[in-house]
Asker: 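After the structure tokens below, expect a handful of questions from me.
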2 protein chains.
Amino acid sequence: MAEVTTSLSIGQVAERTGLSVHALRFYEHEGLFVNPVQRGSGGRRIYSQDDVDWLTVCIILRASGMPLPALRRYADLVRKGAGNEEERLTVLREHQAHVTTQIGRLTECLDLITFKVGVYEDLLDQGGAADHQCHASSPSTDEEQPPISSASS
Amino acid sequence: MAEVTTSLSIGQVAERTGLSVHALRFYEHEGLFVNPVQRGSGGRRIYSQDDVDWLTVCIILRASGMPLPALRRYADLVRKGAGNEEERLTVLREHQAHVTTQIGRLTECLDLITFKVGVYEDLLDQGGAADHQCHASSPSTDEEQPPISSASS
DNA sequence: CTAGGATCTAGAGTCGGCTCTAGGTCAACC
DNA sequence: GGTTGACCTAGAGCCGACTCTAGATCCTAG
């Protein structure tokens with residue numbers, strides 16, 4: 001309960017967020033901060049703990065694929081203050097849907113990759129070297145190991 | 001059982017893979033095909049069903065974030081024919097690991113986004129408009145709804 | 001014969017998201 | 001008082017993965 005307001009340099013914020021100082025300046029330039037970043041002696045940036053908290057939110061949204069324009073829209077809404085919670089919720093829900101479908105897509109891909117890994121494992125287990133490129137097709141559909149055509153691997 | 005070898009134009013392949021004709025030429029230029037793409041009258045590309053099958057594998061690997069250089073390495077291995085199955089397996093397993101961790105990261109992000117969505121839903125349900133920006137922090141850690149500081153949203 | 005449409009090559013342009021550079025200011029230390 | 005070292009601004013550069021353009025060729029249909 002000692003410090004009234006933590007004040008951090010750009011270097012310190014970079015250190016504890018993992019963003020580069022370049023990225024921090026870039027984000028500010030792009031209007032991604034909710035509160036204008038304070039300036040100290042000689043025009044140096046001074047960040048608060050709130051700024052860092054906000055940045056961690058940004059990092060999560062970015063890491064899950066939210067593009068900067070969407071992040072800016074969200075920041076704009078928060079900056080305007082209370083009263084637009086529905087809109088914020090809309091932004092979040094849209095992104096939630098994107099992330100969900102992305103996870104779904106990746107999971108499908110993973111299934112196929114895992115299937116192909118299994119095929120190669122079997123092939124190597126048997127010590128058998130097929131005389132040409134072998135194919136690992138979709139696990140679910142009608143063909144399992146196509147007898148003649150299809151050489152993909 | 002009629003057609004001995006399906007032969008497709010670049011436009012037809014674009015149509016059935018979803019890749020653009022530009023992308024198909026680009027992929028060829030980048031050495032991503034296992035077999036050299038055949039040419040017909042006037043130097044036009046002729047694709048086989050095998051090419052299309054291979055492309056669908058490529059599309060899955062790309063969709064799950066495999067960069068072109070890795071895809072090229074894999075194509076190189078397949079092109080060389082039987083005997084390097086361990087290496088192919090290594091490439092696939094590495095990518096499998098990448099996809100798995102990526103899904104994990106996205107799932108973490110999704111949890112936080114879902115948490116924030118929940119917070120906003122509650123807030124709107126109660127009809128209460130907080131007098132300033134409210135914060136939806138991490139669901140797991142020590143703070144749940146910080147009493148005074150931290151304004152992130 | 002001509003027009004339209006698909007294709008060809010080589011290479012330039014685009015986009016998102018930073019990253020880096022150049023040239024300068026400022027505070028602190030020896 | 002000279003040298004770090006962190007910071008400043010404005011703007012250029014980079015990377016991956018295409019996408020697009022220009023200008024030519026070729027096939028088909030009318």
Side-chain angles (χ1 to χ4, degrees), chain A residues 7-33 36-48 51-52 55-75 95 98-99 102 105-106 109, chain B residues 7-33 36-48 51-52 54-75 95 98-99 102 105 109:
Chain A
S7 57
L8 303 163
S9 73
I10 194 169
Q12 290 171 314
V13 173
E15 220 174 305
R16 58 191 76 181
T17 59
L19 295 167
S20 71
V21 293
H22 302 293
L24 287 169
R25 291 194 273 248
F26 173 70
Y27 276 21
E28 183 180 347
H29 182 76
E30 294 293 296
L32 300 182
F33 279 87
V37 177
Q38 299 301 115
R39 297 304 180 111
S41 73
R44 300 192 171 195
R45 290 170 178 82
I46 296 173
Y47 297 87
S48 67
D51 291 328
V52 174
L55 282 172
T56 62
V57 173
C58 290
I59 288 165
I60 287 159
L61 294 175
R62 287 286 306 122
S64 49
M66 181 180 279
L68 293 192
L71 193 43
R72 175 162 41 227
R73 250 176 283 129
Y74 186 57
H95 184 58
H98 279 145
V99 177
Q102 184 57 17
R105 263 200 278 271
L106 282 179
C109 292
Chain B
S7 58
L8 303 162
S9 73
I10 195 170
Q12 290 171 314
V13 174
E15 220 174 305
R16 59 190 77 179
T17 59
L19 295 167
S20 71
V21 293
H22 302 294
L24 287 170
R25 290 194 274 248
F26 173 69
Y27 276 21
E28 183 180 349
H29 182 75
E30 294 293 296
L32 300 183
F33 279 88
V37 177
Q38 299 300 115
R39 298 303 180 112
S41 72
R44 299 193 171 194
R45 291 170 178 83
I46 297 173
Y47 297 86
S48 67
D51 292 328
V52 174
W54 171 251
L55 281 172
T56 62
V57 173
C58 291
I59 287 166
I60 286 158
L61 294 175
R62 287 285 309 120
S64 50
M66 181 180 280
L68 293 193
L71 193 43
R72 175 161 42 224
R73 251 177 283 130
Y74 186 56
H95 185 57
H98 279 145
V99 177
Q102 183 57 16
R105 264 201 278 271
C109 292

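On a predicted model such as this, the values are computed, not experimentally measured, just so you know. Throughout, protein chains are lettered first and strands after them, A, B, ... in sequence-line order, and every chain is numbered starting at 1.
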Asker: Could you tell me whether the phosphate oxygens of D:dC27, OP1 or OP2, come under 4.0 Å of any side-chain nitrogen or oxygen in B:S41?
Answerer: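 For D:dC27, OP1/OP2 do have a side-chain N/O of B:S41 under 4.0 Å.
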Asker: Atom CG of A:L24 and atom C1' of C:dG17: how far apart are they, to the nearest Å?
Answerer: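 Going from A:L24 (CG) to C:dG17 (C1'), I get 14 Å.
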Asker: Keeping the roles fixed (side chain from B:R72, backbone from B:E30), state whether a donor-acceptor pair exists under 3.5 Å.
Answerer: yes
Asker: Taking only N and O in the side chain of A:R45, is any of them less than 4.0 Å away from OP1 or OP2 of D:dC7?
Answerer: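 For D:dC7, neither OP1 nor OP2 has a side-chain N or O of A:R45 closer than 4.0 Å.
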Asker: Ignoring hydrogens, what is the shortest heavy-atom contact between B:I46 and B:S7? Give both atom names and the distance.
Answerer: CG2-CB, 3.4 Å
Asker: For B:M66 and for B:G43, locate the closest nucleotide of DNA chain D by heavy-atom distance; then report the residue assigned to the nucleotide nearer the 5' terminus.
Answerer: B:M66
Asker: For residues B:R45 and B:L8, determine if any side-chain heavy atom of one lies less than 4.5 Å from a side-chain heavy atom of the other.
Answerer: no
Asker: Measuring to OP1 and OP2 of D:dC18, would you say a side-chain N or O of B:Y27 lies under 4.0 angstrom away?
Answerer: yes
Asker: Using 30° and 60° as the class limits, which term best fits the ring planes of B:Y47 and B:F33: parallel, tilted or perpendicular?
Answerer: tilted
Asker: Nearest heavy atom decides the nucleotide; on that basis, is B:L68 or B:H22 closer to the 5' end of DNA chain D?
Answerer: B:L68
Asker: Can you tell me whether the side chain of B:R44 and the base of C:dA6 have a donor-acceptor pair closer than 3.5 Å?
Answerer: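 For B:R44, whose side chain was compared with the base of C:dA6, there is a donor-acceptor pair (under 3.5 Å).
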Asker: Whole angstroms only, please: what is the CD-P distance between B:E30 and D:dT19?
Answerer: 13 Å
Asker: D:dA6 P sits how many Å from A:L8 CG, rounded?
Answerer: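 The answer, rounded to whole Å, is 16 Å.
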Asker: Starting from C1' on D:dC27, measure out to CD on B:Q12 and report it in whole angstrom.
Answerer: 14 Å
Asker: Reckon A:R62 touches a base, only the sugar-phosphate, or nothing at all at heavy-atom distances under 4.0 Å?
Answerer: sugar-phosphate
Asker: Please state how far atom NE2 in A:H29 lies from atom C1' in D:dA12, giving the value in whole angstrom units.
Answerer: 13 Å
Asker: From CZ of A:R39 over to C1' of C:dC26, roughly how many Å is that when rounded to an integer?
Answerer: 14 Å
Asker: Could you state the CZ-C1' distance from B:F26 to C:dT14, rounded to the nearest angstrom?
Answerer: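 After rounding, the gap between these two atoms is 13 Å.
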Asker: For the residue pair A:L71 and A:L61, what are the closest heavy atoms and their distance?
Answerer: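 Taking every non-hydrogen atom into account, CD1-CD1, 3.7 Å.
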Asker: How long is the line joining CD1 of A:I46 and C1' of C:dC26, in whole Å?
Answerer: 14 Å
